[in-house]
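For clarity, every value in this text was computed on a predicted model and none was experimentally measured.
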Amino acid sequence: MARDDGHIIELKNTPPIIYLKLTSTVFICVILNPILREIVYKISPLRLKSSKKIKPYELEKHSNYILSNDNIKFLVYGGYVIVIILMNFLNLQGLSYNGSIDNDKAILQSFVTFIAFERAFSLMKQLNFRPSIFLNNIIQSVYKVLKDDTKEDESD
């Protein structure tokens, strides 16, 4: 619904900005994990992939382990859990963790969004659904119906 000043959404107040920053940061860390790992390798002073002196220490293998997708998800969940525990403790005392109840709500909503995203992403991996196979099946079904219709027309 448009407001009187013509803007659809106003991002001047901080709760939406907090929500967008947290949510986008977490999504980027989880979705683009392999790309972020490559960036870390390129800007690392150790030059993990190109240095022959570093190769025997297998730092690339250790870095891959530390920066794995599961470990990043654990850090995200752990961070959210710690912040939510602090938020709830302060809220029960009538205080705010982040300056206002609305800011705290933005953090909580960001966590809820991440949980929903992560769960949907996990379920998608388990599905045996492939859009290309589905589209191919539809095309074959339509082709079969058209082929049967032309046979019926020819027999009449």
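- For the pair Ser110 (side chain) and Ala106 (backbone), a donor-acceptor distance under 3.5 Å is absent.
- Rounding to the nearest 0.5 Å gives a distance of 12.0 Å between CD of Gln126 and CZ of Phe121.
- Clustering ILVMFWY residues whenever any of their side-chain heavy atoms sit less than 4.5 angstrom apart, transitively, puts Ile35 in the very cluster that holds Ile31.
- Residue Tyr143 is not grouped with residue Ile133 when hydrophobic side chains (ILVMFWY) are merged at heavy-atom distances under 4.5 angstrom, including chains of intermediate members.
- Contact of the Val26 side chain with the Tyr80 side chain is registered, since non-hydrogen atoms from C-beta on lie closer than 4.5 Å.
- With hydrogens and angles ignored, the 3.5 Å screen pairs a side-chain donor or acceptor of Asn33 with a backbone N or O of Leu67.
- Exactly one of Asn103, Asp104, Leu20, Ile101 qualifies for a side-chain contact (heavy atoms from CB on, under 4.5 Å) with Pro15. That residue is Asn103.
- Ring orientation note: the planes of Phe111 and Tyr77 are nearly perpendicular, at an angle over 60° on the 30°/60° scale.
- Under the side-chain contact (heavy atoms from CB on, under 4.5 Å) test applied with Lys73, the options Asn71, Asn69, Leu75 reduce to a single match, Asn69.
- A heavy-atom distance below 4.5 Å is found between the side chains of Phe114 and Val76.
- Residue Leu32 holds its CG atom at 12.5 Å from CD of Glu38, rounded to the nearest 0.5 Å.
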Scan the side chains in residues 84-93 for donor-acceptor partners under 3.5 Å anywhere in the protein, sequence neighbours excluded, and list what turns up.
{"residue": "Asn88", "atom": "ND2", "partner": "Ile84", "partner atom": "O", "Å": "3.3"}
{"residue": "Asn91", "atom": "ND2", "partner": "Met87", "partner atom": "O", "Å": "3.3"}

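- In this structure, Val81 is not a member of the same hydrophobic cluster as Leu108, with clusters built from ILVMFWY side-chain heavy atoms closer than 4.5 Å.
- For the pair Asp70/Phe74, no side-chain contact is recorded, criterion being any heavy-atom separation below 4.5 Å from C-beta on.
- With rounding to the nearest 0.5 angstrom, the CD atom of Gln140 is 10.0 Å from the CG atom of Leu135.
- There is no path of hydrophobic side-chain contacts, each under 4.5 Å, that joins Val112 to Ile18.
- Residues Leu123 and Phe134 do not share a hydrophobic cluster, clusters being chains of Ile/Leu/Val/Met/Phe/Trp/Tyr side chains in contact below 4.5 Å.
- How far CD1 of Ile66 is from CZ of Arg37: 11.5 Å, rounded to the nearest 0.5 Å.
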